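Letters A, B, ... are given to chains in the order of the sequence lines, protein chains preceding strands, and every chain is numbered from 1. When reading the values below, keep in mind they use all heavy atoms of this one structure, side chains included, and skip hydrogens, waters and symmetry mates. A quick note: this is a predicted structure, and the numbers were derived from the prediction, not measured.
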Amino acid sequence: MHVPDGFFDVPVSVGGGVVAAGGVALCLRGAHRELDDRTAPMAGLVAAFIFAAQMINFPVASGTSGHLLGGALAAILVGPYTGALCVAVVLLVQGVFFADGGLTALGINMVDMSLVTVLVGYAVFRGLLRVLPSTRKSVVASSFVAALVSVPAAALSFVLLYAVGGTTDVPLGQVATAMLGVHILIGIGEAFMTALTVASVMATRPDLVFGARHVLPTLELRTTPATVGGS
Amino acid sequence: MTSHPGNRAPSLAVHQLAFAYPDGHQALFGVDLTIAPGERVALLGPNGAGKTTLVLHLNGILTAGHGTVSVAGLPVTKDNMLEIRRRVGIVFQDPDDQLFMPTVREDVAFGPANLGLRGDELAERVRHALDQVGMLALIDRPPHHLSFGQRRRVAVATVLAMQPEILVLDEPSSNLDPASRRELADILRDLELTTLMVTHDLPYALELCARSVILDEGVIVANGPTHDLLCDQELMRSHRLELPFGFDPKSLAVPGR
Amino acid sequence: MTSHPGNRAPSLAVHQLAFAYPDGHQALFGVDLTIAPGERVALLGPNGAGKTTLVLHLNGILTAGHGTVSVAGLPVTKDNMLEIRRRVGIVFQDPDDQLFMPTVREDVAFGPANLGLRGDELAERVRHALDQVGMLALIDRPPHHLSFGQRRRVAVATVLAMQPEILVLDEPSSNLDPASRRELADILRDLELTTLMVTHDLPYALELCARSVILDEGVIVANGPTHDLLCDQELMRSHRLELPFGFDPKSLAVPGR
Amino acid sequence: MSGGHSDRLYVPGASAVHRLPPQCKLVAVLTFVLIVVATPRDQFWAFGLYAVVLASVAAVARVPAPVILRRMVVELPFLVFALLLPFVSHGERVQFFGLTVSEAGLLGAWNVLAKGTLGVVASILLAATTEPRTLLLGLERLHLPALMVQIMSFMFRYADVIGGEMHRMRIARESRGFQARDVRQLRVVAQSAGALFIRSYERGERVHLAMLSRGYAGSMPVIVDVRAGRGQWLTAAALPMPALAIAVTAWSLT
């Protein structure tokens, strides 16, 4: 859903740009707080990963395939600030270097696909973890719901923006229903992919799942007296 | 497990294979290569000679622009791709490209499970393959946490679990410490499986393979006993294959199989 | 460029270095190592011996739990970290980790620019370093367009551009084809720079380094002429260092510097 | 064979367009697209003239038409959306090729198609005449935050490396008989993605170590800089200025 030029009128396009710039500036500061002087290489590598992961096609139903958007996944793996920043970088690169998404719509694209997906996805994820027991299963389940909700949330924010500054007069209720319907379907694919990816990282390097660091087991201490001669 | 009656079809038969990449770069210019059942052959050649391109044709990842490949008599075509991929077991250079599952067990089970194996039969395949490379004790560990040498051995097991007709190894000795190198050589020798070994490591080729072929600029330029090829200084030099310091094949007896 | 008066402080002096990782795993147990200006020394040892941990202490990426490291007389401490990192040039094993800038020129300039060099002086440094490794012609290329051997050489240049006191190479011969291996050896020999070479490649160690030390289980267990160590079969075997097939150091004259 | 595709964007050349400093081109393209977006949709002739302006830039830069056409496929998903607009929009119905459609929707579809296409072609020309590296320098000159530019720079450097790893992992999977046929194979695809993430993250850590070892202390040194003179800014204005003239005329006619 990389919006091209001409979809939105000039005021909303510019407004989107201003909001996106503010959001990205906030994320830059947040990421720098989390990663310090590692920010540039780490965020760069994570952005490259998202860029590559978006090229992984996975089968949806016989014949059709989908691909990851990655907002919720990035937020859960590397934290909301770095995650949103990385997705924003990917969108910027796609717009400026690959002509994928209009230059005037760049702000709107960033707001929908980076800020909203990450904000909603991460809020849902952390909210669920707070009420669920501290287990790996909860982390995976929360990832699933977070990703599932994040995609229609982005679609909804798109519809809202369109209501304000869309260039064609369409019946908004119908469009919203259609957009949500389609994006709930896309969200299911996103949810499976996100949850399974988080599960596989949890299995090998649980410390690399930012959103679930508190679920890490504490070190086990063996306080039984040592037997002489070993077992 | 691997008895080879004399009149079987060759494990691998490559005939007049030519290939150009979509960008127009031609990598192979008519390669002929036949490997008999049970033989171990080294594929030598400088960087950019087309070695990887050739390997990717053996199991149909790339398909020939011209010429044919067949494995134990079965031609590599779209229709029998699954059987071809079972028959040709490729161990890639970087074990991290090959191992992606959370545990060693799941990684080794991946191939045979794709072939439809389930339950006890699958479990037995996995155990046997890991046993062949001496890694059975690590079956429940994440591959990510193993040493490089252990990962290389698990990568070999992932392919052995498919009971291949021919084992294809891409730079098997790279990045191994001396002891891991020797241990892998012992394992490969004990397997008694048809093997094609793509390598820069000339001593390793001499140690393991009675016969070698040299690929350069997309054609086979030499084919013969490894010892003879390595002793032909003129031939070696002209294909950027130089023997390492202190290694003199002339002083060695020809190793038997 | 590299004249070494006899009475200078040692290029590297490691004294009683011990270190444990935050998770409690102790990797070094009191390492002593001295390297004189202009010397080339090989650091041998099996996987997991603590070699990487030691290397990361040399330029203060890790800081000692106990003991000291000093480079040409300057102790490795927080206060003089920039000068230490100039003096100790580490070439990491994977050139893709080391070449992170968009072009070869910028990559080689990165180190000296961090030291404050600008303009013509910087440009001259870059050109000279690339010239030393024979890569000047590729100065404007992106690193990912180079072959593996070329990238390894550019990685060496990135460090040479800082005019280090000591060059530390982590597995310099890994993944190189025979010709690239030899070309790199020629370059390293011509540099005439104090060098510490961490390697599994025993023939390469013998070819390039008159002296070797063996690190195992966090201590230096042997220190002497490379040729002598390699000929001591008992010593080598007990530290998982086995000579490759067909390589017999006894049959070789001791290579001079 | 190489996994990435960032190289394919740039069409090497030495034309006046290629030689312009990147910041001039960025500002020119952005202004041009903004003007196009702000043009009243019912002034059909204006969009024809914009296309002529872009075509002359392409001619000066010697970017072949097939290259531009091939890259325009990124626009396809929105073509579908635009085609739907006449059927779902409000307003008076009119006959169009035998179909009853909304007049406003028809205009809306035209609006999106015309402006979207001009925007895509302008972006394609920018990427085709400027190396990614240079474009990054231009963004830096235009005061995009330095940290942002660095992140993009690392992303460009490693997109091919990670793409290559991904490509090799896929080949290794397929070599063991894997075919991604339906939803049940999703787990395997996701596990590869997880492994790829861990590899990327760990490479980031190693790159950071390598940077520290060469004296990195938190800020990247400025090694290459691109400056633009008044003349170059004027040359770059050759794109937005005619567009502005067209737009002003279009506005005055409505």
Discussion item. Check Arg8(C) with Glu165(C), please: is the shortest side-chain N to carboxylate O separation under 4.0 Å?
Written reply: yes

Discussion item. If we define contacts as heavy-atom pairs under 4.5 Å, which of Leu115(C), Val91(C), Leu56(C), Asp94(C) has the most with chain D?
Written reply: Asp94(C)

Worksheet item: Of the backbone (N, CA, C, O) and the side chain (C-beta and beyond), which part of Ile61(C) lies under 4.5 Å from a heavy atom of chain D, both, or neither?
Response: side chain

Worksheet item: Between Asp107(C) and Arg214(D), is there a salt bridge with N-O shorter than 4.0 Å?
Response: yes

Worksheet item: What part of Ile84(C) gets closer than 4.5 Å to chain D, counting heavy atoms only: side chain, backbone, both or neither?
Response: neither

Worksheet entry | Contact class of Phe110(C) relative to chain D, heavy atoms under 4.5 angstrom | both

Worksheet item: Given that the side chain runs from C-beta out, which part of Tyr216(D) has a heavy atom under 4.5 Å from chain C: side chain, backbone, both or neither?
Response: both

Item to complete: Please flag which part of Met81(C) lies under 4.5 Å from any non-hydrogen atom of chain D: side chain, backbone, both or neither.
Response: neither

Discussion item. Between Glu121(C) and Arg125(C), does any NZ, NE, NH1 or NH2 come within less than 4.0 Å of an OD or OE carboxylate oxygen?
Written reply: no

Worksheet item: chain C heavy atoms under 4.5 Å from Val161(D): which part of the residue, side chain, backbone, both or neither?
Response: side chain

Practice prompt. Apply the side chain to side chain contact (heavy atoms under 4.5 Å, CB included) test between Val104(C) and each candidate in Val126(C), Leu136(C), Leu146(C), Asp140(C); give the one that qualifies.
Written response: Leu146(C)

Worksheet item: Is the Phe19(C) to Tyr21(C) ring centre distance short of 6.0 Å?
Response: yes

Item to complete: Run the salt-bridge test on Arg87(C) and Glu83(C) with the 4.0 Å N-O cut-off and return the result as yes or no.
Response: yes

Worksheet item: Quick one: what part of Arg105(C) sits under 4.5 Å from any heavy atom of chain D, side chain, backbone, both or neither?
Response: neither

Discussion item. Which atoms of Asp96(C) are under 4.5 Å from chain D, going by heavy atoms: the side chain, the backbone, both sets, or neither?
Written reply: both

Item to complete: With a 4.5 angstrom heavy-atom cut-off, could you sort out which part of Ser153(D) is near chain C: side chain, backbone, both or neither?
Response: side chain

Discussion item. Determine whether a donor-acceptor pair (N or O, by modelled atom type, separation under 3.5 Å) exists between the side chain of Gln150(C) and the backbone of Met135(C).
Written reply: no

